[in-house]
> 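Below is the structure I would like to discuss, written out as structure tokens.
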Amino acid sequence: MKRFIVLFLLMCAAALPALGDTLSLAEMLAAEEAVMIAGQDIDTQQASAAREDFIDRIIATAKSLYDQAGGRAQRAQYSGDIYVCKNFTVHLFRENCGDFRMAEYPDAPLIIPNNEKKADCAPYVYGVKWQDVPAEEGNPFYAAATFRYDSSLSKEENRQNAREFLMQVKRGDYFQMAANYYYGVGAHSMMFIADYDPETDSVHWADSNMKGKSINGERYAYVQYDAVKKIDWFVDAFCRSKYGATIYRLRDDIIYAE
């Protein structure tokens, strides 16, 4: 439909000289510019719709897995278990990414990066970030915001920076943190299912394996959907020396694969 509309507008612009001398050169140039702008607007609208659809599908998959679990712990012991925290968020992405591409790189199937290696996270601990995969290789995410504890600042200054960092959360953002939180210590991955809520000073998310237990010597994880905490809960977790977190966001030019 977009191609038809743009083609129609271009045909109209091309026909302008046949309308007689009533249109000046400036008017014809303005008309052609309007056609170009109209085509760009259509591209932007379609990319926005595709991006939202992608996010909707990812969130719907998270809800489906949460419902299937029915409150029961799921195995999260082995590398192939999707209920390991990063495996879970990767699974949500991979289950839905095949129908989408980036407008700038339409031939590159979408991928989600692995966590960065421990050595490459230094001087911070493992888990603060993903590997830096170029967009042309299929990575549709960018680091929308980062927090790294700054030892040159006071604890309160760091906490304020961490709070401002979390206030930037948007629906569909992926979150990677290295933290010492109530349920465990180390790297954790999750995704936000709503924008930061300034009225309640809180965030809503979906994840797996933040909470878990051991059964016969194996790790089992609980799936969470629409979990909610005040942002200070997260600040307490990752606002520590050598710790931090990153908010990853899908690019604006997500389109449907052709």
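Along the sequence shown, the residues carry numbers beginning at 1.
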> Considering only heavy atoms from C-beta outward, does the side chain of Tyr124 approach that of Arg148 to under 4.5 Å?
yes
> Between the side chains of Gln160 and Glu164, does any donor sit under 3.5 Å from an acceptor?
yes
> With heavy-atom distances below 4.5 Å as the criterion, would you say the side chains of Met191 and Asp207 are in contact?
no
> Examine distances only and state if a side-chain atom of Thr246 and a backbone atom of Val128 form a donor-acceptor pair shorter than 3.5 Å.
yes
> Please confirm whether the ring centroid of Phe141 lies under 6.0 Å from the ring centroid of Phe93.
yes
> Give the intermediate values and the outcome of side chain to side chain contact (heavy atoms under 4.5 Å, CB included) for residues Asp232 and Arg159.
CA-CA 9 Å; Asp232 280 336; Arg159 287 188 63 86; 3.8 Å; yes
> Under the side-chain hydrogen bond (donor to acceptor under 3.5 Å, both in side chains) criterion, do Asp67 and Ser64 qualify, and how do the steps go?
CA-CA 5 Å; Asp67 290 342; Ser64 176; over 6 Å; no
> Measure up the Phe234 and Phe192 rings against each other and bin them: parallel (under 30°), tilted (30 to 60°), perpendicular (over 60°).
perpendicular
> Only one of Ile231, Asp173, Leu166 forms a side-chain contact (heavy atoms from CB on, under 4.5 Å) with Tyr196, so which one is it?
Ile231
> Hey, does Phe175 have a side-chain heavy atom less than 4.5 Å from the side chain of Thr89?
no
> May I ask you to decide whether Arg251 forms a salt bridge with Glu104, counting only side-chain N to carboxylate O separations under 4.0 Å?
yes
> Return the orientation label for the Phe238 and Phe165 ring planes: parallel under 30°, perpendicular over 60°, tilted otherwise.
perpendicular
> Is any side-chain heavy atom of Arg219 less than 4.5 Å from a side-chain heavy atom of Val84?
no
> A side-chain contact here means heavy atoms from C-beta on lying under 4.5 Å apart; do Leu250 and Ile55 qualify?
yes
> Thinking salt bridges, do Arg57 and Asp99 make one under a 4.0 Å N-O criterion?
yes
> For the rings on Tyr142 and Tyr248, is their centre-to-centre separation under 6.0 Å?
no
> Side chains of Leu110 and Phe54: does their closest heavy-atom pair fall under 4.5 Å?
yes
> Is there a donor-acceptor pair under 3.5 Å between the side chain of Asn115 and the backbone N or O of Trp130?
no
> Under 6.0 Å from the six-membered ring centre of Trp233 and within 45° of its axis: does the NZ or CZ of Lys230 meet both?
no
> What I'd like to find out is whether the side chain of Arg101 reaches to under 4.5 Å of the side chain of Asp107, using heavy atoms alone.
no
> For Arg163, does the CZ atom sit with more than 12 other heavy atoms under 6.0 Å from it, leaving out its own atoms?
yes
> Considering only heavy atoms from C-beta outward, does the side chain of Tyr149 approach that of Cys239 to under 4.5 Å?
yes
> Between Arg171 and Asp195, does at least one N-O distance fall below 4.0 Å, as a salt bridge requires?
no
> Quick check: Tyr174 with Trp205 (ring centres under 6.0 Å apart)?
no
> Assess whether atom OH of Tyr256 is packed by more than 12 heavy atoms of other residues, nucleotides or ligands within 6.0 Å.
yes
